[in-house]
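Keep in mind the model is a prediction, meaning the values are calculated, not measured. Lettering of chains follows the sequences in order, A, B, ..., and the numbering in each one begins at 1.
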Number of protein chains: 2
Amino acid sequence: MDGDTRETIRAVALELFSNKGFEQTSLREIAERVGLTKASLYYHYSSKQSLLLAVVEPVITGWRTIVDDTSRLERTSETVRHVVERCLDVFITNRAVAGIFQRDAAGVAVVLGELWDDRTDLGKRLVAWLAGPSPTAEDRLRAIAAMEVLGAVLTSATYQDDGEFTEDELRAVLSRAAMDVLRLAAEPVASGMRKLG
Amino acid sequence: MDGDTRETIRAVALELFSNKGFEQTSLREIAERVGLTKASLYYHYSSKQSLLLAVVEPVITGWRTIVDDTSRLERTSETVRHVVERCLDVFITNRAVAGIFQRDAAGVAVVLGELWDDRTDLGKRLVAWLAGPSPTAEDRLRAIAAMEVLGAVLTSATYQDDGEFTEDELRAVLSRAAMDVLRLAAEPVASGMRKLG
DNA sequence: GTCTATAGATTGATAGAC
DNA sequence: GTCTATCAATCTATAGAC
């Protein structure tokens, strides 16, 4: 267990970046927490930027996969729900990284450069798909709002002091709420008429 | 027109803080833009923190008023809609300040200290009211998600490259979307049965 | 692989002349 | 009220011994 050090550094960096923000976290602080000196970090990562990349890049890559898959799908009530749930899973699984983007967007954008623009473009593509073909302004705004709903995965912790929501609650409630925003909620069976549009 | 300088500084700071983030904006940069030296800024504002306060405090105070007013209201479909719309107005009117909170939360939280905690508490109180009395986990999560929907006022600009949404579109669409998330959407008249719960 | 020591740059803030 | 000059702190990053 020796290439372990590199991974330990990455884990500590992820935690600190996520809790305090990227710019607010110094390499000195990371080094202390790992039990090394600042200089030793540079043996494992050539710069603070490369450390951020190690933390962030795999998540963006995964995100890209989802968006690419999505663009090949026809947009129906079922596929939208499927995509929404897949996005939720990414948000839940990668809460920490998503938290970096959310809490320190300003600081991170500068350092990530093109990769940040990539991330933005992926968001745009996803929203465009969610909004459907030849969307009205309302369709596009609701697609954006639906993505915001998924972001509640991250902010929910702020509003709860006594324990968090379970992952199942987040998944179940937020996917339904997002579908509501997109006006694709399943018709309640009791009220008759299964298909209406 | 001489106390103007102080106001000019504030305006420039607001713009830069909002676009680049608080920590990412140096006093040197603000001074250059205003046409002064760094040292001269300190004649008008005693510190970078006090400059941030001048930008941010009035908005938080306004926000507090809304939340205080709200807690005195009984929660009905109509009052919820009213509160949602009032929140939307604050978001729209103070887009720039809200953008500071959203894009550089990490950097701003440290400097604002107790005032940041105040802001957080106001958010919690509003969400608690929106969730209604003795709420389930779903009620609380949906209240949080509804607030996120209002945040689309800020992010919508990111997703649009060709022109922005009008304020009227933001107001109309996002208030309806938030009500959908809260499951308080007006019953469509055509489907009969006005009151169901 | 880890260390000490330090370079080089930037920042928030102050002193004091005008 | 604005300036020049400077301080002290902090940060990323590098050099070189072990």
Side-chain angles (χ1 to χ4, degrees), chain A residues 1-57 100 103-104 106-113 115-116, chain B residues 1-57 100 103-104 106-113 115-116:
Chain A
M1 36 180 109
D2 201 12
D4 242 18
T5 305
R6 196 181 149 90
E7 177 51 25
T8 303
I9 294 172
R10 206 193 60 92
V12 169
L14 170 58
E15 192 201 325
L16 289 176
F17 289 167
S18 170
N19 289 337
K20 313 192 12 172
F22 174 72
E23 293 284 348
Q24 278 64 40
T25 303
S26 67
L27 294 179
R28 177 188 51 74
E29 200 174 354
I30 296 175
E32 266 173 20
R33 198 99 138 212
V34 175
L36 287 177
T37 61
K38 232 181 357 173
S40 300
L41 288 191
Y42 281 91
Y43 176 83
H44 299 277
Y45 293 93
S46 63
S47 66
K48 194 185 180 186
Q49 180 193 30
S50 78
L51 184 48
L52 177 64
L53 277 176
V55 164
V56 143
E57 194 154 31
I100 299 175
R103 263 189 284 281
D104 199 16
V108 152
V110 188
V111 179
L112 288 186
L115 189 58
W116 179 262
Chain B
M1 34 180 108
D2 200 13
D4 243 18
T5 305
R6 195 181 151 91
E7 176 52 27
T8 304
I9 295 172
R10 205 193 61 91
V12 169
L14 170 57
E15 191 201 326
L16 289 176
F17 289 168
S18 169
N19 289 336
K20 314 192 11 171
F22 174 72
E23 293 284 348
Q24 277 65 40
T25 303
S26 67
L27 295 178
R28 176 188 51 74
E29 199 175 354
I30 297 176
E32 266 172 21
R33 198 98 139 215
V34 175
L36 286 177
T37 61
K38 223 177 14 166
S40 299
L41 288 191
Y42 280 91
Y43 175 82
H44 300 278
Y45 293 94
S46 63
S47 67
K48 195 185 180 189
Q49 180 194 31
S50 77
L51 183 47
L52 177 65
L53 277 176
V55 164
V56 142
E57 194 154 30
I100 300 177
R103 262 189 286 282
D104 199 16
V108 152
V110 189
V111 179
L112 288 186
L115 189 58
W116 179 263

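Contact annotation: Y42(A) reaches the phosphate of dA13(D) (side-chain N/O to OP1 or OP2, under 4.0 Å). Between dT2(C) and Y43(A), no contact under 4.0 Å exists linking OP1 or OP2 to a side-chain N or O.
S50(B) comes within contact range of no nucleotide atom at all, as no heavy-atom separation falls under 4.0 Å. Across all strands shown, T37(B) has heavy atoms under 4.0 Å from base atoms, whether or not it also approaches the sugar-phosphate.
Atom P of nucleotide dC11(D) and atom CG of L16(A) are separated by 13 Å, given to the nearest angstrom. Computed from coordinates, the E32(A) CD to dT2(C) P distance equals 17 Å when rounded to whole Å. The distance between atom CZ of F22(A) and atom C1' of dT12(D), rounded to the nearest whole Å, is 10 Å. Taking atom OH of Y45(B) as the reference point, atom C1' of dG12(C) lies 17 Å away to the nearest angstrom. Atom CG in L51(A) sits roughly 15 Å away from atom P in dC11(D) (whole-Å rounding). Rounded to whole angstrom, the span from the CD atom of E29(B) across to the C1' atom of dT11(C) amounts to 12 Å. Rounded to whole angstrom, the span from the CD1 atom of I30(A) across to the P atom of dA13(D) amounts to 11 Å.
Under a 3.5 Å cut-off, the side chain of D104(B) and the backbone N or O of E23(B) do form a donor-acceptor pair. Remark: side-chain polar atoms of R28(B) are not paired, donor with acceptor, to backbone N or O of K38(B) under 3.5 angstrom. K48(B) contributes a side-chain N or O that, together with a main-chain N or O of F22(B), makes up a donor-acceptor pair within less than 3.5 Å. A donor-acceptor pair under 3.5 Å links the side-chain atoms of R6(A) to the main chain of H44(A), judged by distance alone.
For the 3.5 Å distance criterion, the side chains of T5(A) and T8(A) fail to qualify, holding no donor opposite an acceptor.
Proximity note for S47(B) (side chain, C-beta onward) versus dT2(D), dT14(D), dA13(C): the nearest is dA13(C). Nearest nucleotide to the side chain of L27(A), out of dT12(D), dT14(C), dC3(D): dT12(D). Residue K48(A) places its side chain closer to dT12(D) than to any other of dT4(C), dT12(D), dG12(C). Taking every side-chain heavy atom of K38(B) into account, dA13(C) is the closest of dA13(C), dG1(C), dT2(D). Among the nucleotides dG12(C), dA13(D), dA5(D), the one closest to the side chain of A39(B) is dA5(D). Distances from the side chain of S40(A) to the nucleotides dG1(D), dC3(C), dG1(C) place dC3(C) closest.
Comparing the helix axis at one end of the helix from dG1(C)-dC18(D) to dC18(C)-dG1(D) with that at the other, each defined from 5 consecutive pairs, gives an inter-axis angle of 10° (nearest 10°).
Map R28(B) and G35(A) each onto its nearest nucleotide of DNA chain C; the residue landing nearer the 5' end is G35(A).
Closest non-hydrogen pair, A54(B) versus Y45(B), comes out as CB-CE2, 3.7 Å. Considering every non-hydrogen atom in both Y42(A) and S47(A), the closest pair reads CE2-CA, 4.0 Å.
Screening V12(A), L14(A), N19(A) for a side-chain contact (heavy atoms from CB on, under 4.5 Å) with L16(A), the sole residue that qualifies is V12(A).
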